[in-house]
Each structure stands twice: as structure tokens, then as C-alpha cells.
Amino acid sequence: MFFLKSFPRLHLLLPLMAAALSACAVGPDFKQPDVPKVVGFTKTPVSEKLATVPDVPGGTPQEFVKDADISAQWWELYKSPQLNALIKKALQQNPTLGAADAALRSAQENVNAQIGGQYFPAVGLRANGSRQQTPNAAFGLPGNGSNIYNLYNTTVNVSYKLDVFGGARRTVESARAQAEYQQFQLEAAYLSLTSNIVASAIREAALEAQLKATDEILKAQENLAELTEQQLQIGTVSKVDVTSQQALVANTQGDLIGYEKNLSITRNQLAIYTGELPGNADIAAFNLSTLNLPSKLPLSLPSNLVRQRPDIRAAEAQLKSTNALVGVATANLLPQVNLTAAMGSEALTTGALFGPGAALWSVGGGLFQPLFQGGQLQAQRRGAMANYDQAVYQYQATVLNAFKEVADALRALDTGARSLKAASNAERYAYETLDLVQQQYKLGTQSYLAVLYYQSQYQQAKIKSIQAQATRFSDTAALFAALGGGWWNREAPAFQAHSESNSLSNADLTNGLSKNSNDTPREN
């Protein structure tokens, strides 16, 4: 109030500012895209209850629950303490998630900067002091003399751009949409990280099971190879039988090495997800038999999917931002009104600087209407409209892909349940057949070629059965991820870093990098 009393003309700015903020904003107002009008995710409905295989990992009965909500920590349904601990560590240390969190905080601060810069007048204080020499001729006095004096001045400058056509409001609207975009990019990174960890843990368990099964098959093949060599000594088999069995042993050894390699790669990937170096990470082993297969599967309404998927929400935010920028480009074509004011004092001594007769002030206004700029502003508006069209198509593509992923997950769950049942039967029959043929071979009533053939058949059936078991777990995780992962039910921030738990803080990779700050508000 003291400032307004000291500068009476400045109060004229306030009603002009209010009028500018209440004026209409040019450009199209954003309209949320319509929800796809479909009643189901698949052409033909999937079975409400899936096939079961008792006493087999992944064979738990499953059924879909329509319009069921999704838990934010959906992976806890697998009832694996090791998996829960791994994801908790990743949410604290994963650098990709941390980068997405920092991008969100940056976008939020950009909104604050745009609000401060676009909605409020710029006020600055300037103070100057100088020592000057001026010849007498400058004052029309005779002689060659001059005056030497000090000059002091202080000025408060105020400038404000009236937002008559809403360009400032559209700029802030775009910035808010960009912050919203980064928020859902963070949610997408969170969903991708958690679902990838679950998928990798299941893959690690499957590879471990395949490695163990292959090792058992290899031992049986090696035993049969020794028996075949003994039979060669007494002349009951040929050399071809021996080399054939040895070739089968060598092939299985190659398979075993391949599983060892893939298992190591998967464990290294899990280490990276948790933000640790592979050489330092302590990754728990996972076993398919200890994982629980969720029995209740959520099936969201198609109309809810566009609000649940972070990638769709991010695409919508990008659509909102580009829509606002069309308004900014349109406002740039219209008159720009600027108000300026200054109040201060000027004197020859500091003591007289605020005395009577030293005051100075000015109030001014300006209008600028672009007339010709080589077509620059029109081209910028057309470019903004093209960017909006691009965002529309990207939004449509994102929605289509989201519905495809849900449809794929539903169909995979349906076929995966039936595949596991068939694979389990195939494994059981292959084992029984191999056992009978081996007994007959030892009694001399069956040929070696039959043993060789059924060994190979059982090995393939065993591996396929393990793969089918793992598929049930991974397809279930894929459905939770495809439906959005329940982020809207999460209370904690996506990136839960704390100062004591970042393992990379002790590595050379982070030298010179600052730790994540927890004092910045986050949007959930």
C-alpha cells in the first residue's frame, strides 16, 4: 500500500490487469477425446474361468472379475518376499525412474515460472551513482570552464503485458499440460519398471527350472551313454549307437550352456533394474514352485482404460499442450499492449536523494500490431496446428496400441491356460513312454533308436512344460500392466529414493551428481 500511495498512477494498472485476465483467450479450447465406443476388448469374449492343471506351478484356477480395481502393488499377489524386496529396492535406486522424477519436478517449476512471468507485472529496482564532468558550453555559459559533480538516482520500474487475447493464459496452459505429461511419463516409467522386474524374475525362475531339468536329463543321457559303451564291448550294439548317444549328450550340454548364459543375462538385467552394478548386486533366486499365481484377474471396462493407462494420459496431455500452443500462435498475430511505469528520485548528493524536489516518475503504454514479418507469424501458427494434428494421431495410435495389448493379454491368458494343460499331459506321457522304452531296452526287447527318439521327445516336452508354466505367470503380469498397473491407488511417490540407499552413490558413475531432493512436492 505504501508503494501505491507513493506512486498514485500505478493503481491504474490493477483494473487493466484484471480486465486482461478476464478476457477471452483466442485459439481452440481443449476438449477431452471421446472414449472409444466398444463393449469388449476382444472380438469374441474370453472364458470367464480359465483351464486349470492341479499340482503344477502356474496351474492355479483363474477367473476374470469384471470392473475390478487394481491394487497399486499388484505384484504382491505373487506372494514372493524376494520379488517384493527387489521392486522396493528398484523404486529407490533405479536411475531411469529417478530421471523421470526429476523431469517432472523440472516441468512443475516451469509452470511456476510461467505463472510468475505471464500473470504478474515485472518489478525491478535500479540504483546508480556516477561522477560526471560537464563543460559550461553544455549549459550555454561562456568560458572554457566545466562543472564536476556527482549524480545519484534510484528507480523502481514496473512493466506489464496485458493478456488481452489470452496468449499468456495459453502459455501457462501449455506448461501445465507439459507438467501433466511428465507426471504420466513418470507413471509409465514406474509401470514399465515394476512389470519388467516381475517378467524378468519369472524368466529367471523359468531358466533356473529349465537348467535343472536339462541337467537331470543330461545325467540320464550320460548314464545311458556309459551303458551303451558297455554293450558295445560285448557286441550287442553298434558303434553308431554309441556315437548317436554321445552326440545327444553333447547337444544337451550345449543347451545347458545356453541356459547358463541366459540365466546370467537375466540376473544382470535384474541388477540394473535395481540400480546396481551386476558385479555388486545380490539378486535372490526365484523358483516357479514358490510363486503364487493370482486367482482373481481384473477386467476393467474398456471405457476406463483411457483413464488408467499412463501412456494414454501422457498422449492426452501432449494433445492439450499442443492445442494451447495454437492459441499462443494465434495471439501473436493480434495487437500486443504493454504498460510501463517508473518511480524514483535523482539528486546530486545521497542526502538529497529522497528529499523534496528529487522525485521523478513516469507512466506509459504501448500498442504493437504486427503488420508484416515475412509470413513468420502465420507460418508459426500453421506449424502449431500441424503439431496439434500430429498429437491427435499419436493419441489415436497410443489408444489403439493400448487396446491391442489388453486384447493380446486376455487371449494369451486363455490360450496359455490350455497350453499348460496340454504341455503337462505331454510331459507326463513322454516320461512314462521313455521309462517303458528304457526298461525294454535294458531287457533287449527294444531298439536303441527307440530310446534315442523318446529321450529327445521327453526333453522337449519337459522344457515346453516349464515354459508353459512360466507363461501363465508372465501373461498374468502382462494383463496387470496392460490395464494400467493401479498407479491411481498408490499413496507413495513413484520414485522413493532416500539418501542412504542409493547403491550407485558409492560408484564412480555418480561422481559429481547431486542426490535426489525429497523436499519438492510431487503430484500423484
Side-chain angles (χ1 to χ4, degrees), residues 1-23 25 105-176 328 331-332 334-370 517 519-521:
M1 293 300 296
F2 173 78
F3 182 70
L4 293 179
K5 290 178 179 178
S6 301
F7 191 6
R9 300 296 180 89
L10 186 62
H11 72 279
L12 297 176
L13 285 174
L14 299 180
L16 291 174
M17 292 165 55
L21 291 174
S22 63
R105 290 185 281 114
S106 174
Q108 290 171 337
E109 292 303 329
N110 183 56
V111 174
N112 296 333
Q114 291 296 335
I115 291 175
Q118 299 289 343
Y119 286 168
F120 297 96
V123 182
L125 174 65
R126 183 186 300 274
N128 291 309
S130 63
R131 184 169 179 79
Q132 302 181 17
Q133 175 176 308
T134 305
N136 289 338
F139 300 101
L141 300 176
N144 296 325
S146 61
N147 293 311
I148 298 176
Y149 59 93
N150 296 330
L151 184 64
Y152 303 95
N153 66 70
T154 59
T155 308
V156 175
N157 296 289
V158 181
S159 63
Y160 182 71
K161 181 178 180 180
L162 286 179
D163 190 25
V164 179
F165 299 104
R169 277 164 290 162
R170 294 300 191 193
T171 300
V172 173
E173 182 183 341
S174 176
R176 289 186 188 278
V328 174
N332 289 339
L334 301 172
Q336 313 294 317
V337 180
N338 293 285
L339 302 177
T340 59
M343 182 190 72
S345 61
E346 188 173 69
L348 297 176
T349 64
T350 56
L353 191 59
F354 299 102
L360 59 87
W361 60 264
S362 67
V363 175
L367 174 68
F368 174 74
Q369 168 62 60
S517 173
D519 59 359
T520 302

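Heads up: numbering here begins at 1 and tracks the sequence.
In plain terms, the two heavy atoms of L348 and Y149 that are nearest each other are CD2-CD1, 3.6 Å. In this structure, G365 and L339 approach most closely via the heavy-atom pair CA-CD2, 4.1 Å. Of all the heavy atoms in V111 and A175, the pair that sits closest is CG2-O, 3.3 Å. Among all heavy-atom pairs drawn from Q336 and A331, the shortest one is NE2-O, 2.9 Å. In plain terms, the two heavy atoms of A347 and A358 that are nearest each other are CB-CB, 4.4 Å. Nearest heavy atoms, N128 versus R126: ND2-CD, 3.5 Å.
With hydrogens and angles disregarded, a donor-acceptor distance shorter than 3.5 Å links the side chain of S345 to the backbone of L353. Remark: the backbone N or O of G116 is not paired with any side-chain donor or acceptor of Q118 at under 3.5 angstrom.
Within the model, atoms CG of N338 and NZ of K161 stand 6.5 Å from one another, a figure rounded to the nearest 0.5 Å. To the nearest 0.5 Å, the span separating CD on Q132 from CG on N150 amounts to 9.0 Å. For the atom pair OG1 (T171) and CZ (R176), the distance works out to 12.5 Å, reported to the nearest 0.5 Å. In this structure, the separation between CE on M343 and CG on N157 is 10.5 Å, given to the nearest 0.5 Å.
At a threshold of 4.5 Å between non-hydrogen side-chain atoms, the residues D163 and R170 do not count as touching. Under the 4.5 Å side-chain criterion, counting only non-hydrogen atoms from C-beta, R169 is in contact with Y119.
Side-chain contact of T340 with S159: a donor-acceptor pair under 3.5 Å is absent, judged by distance alone.
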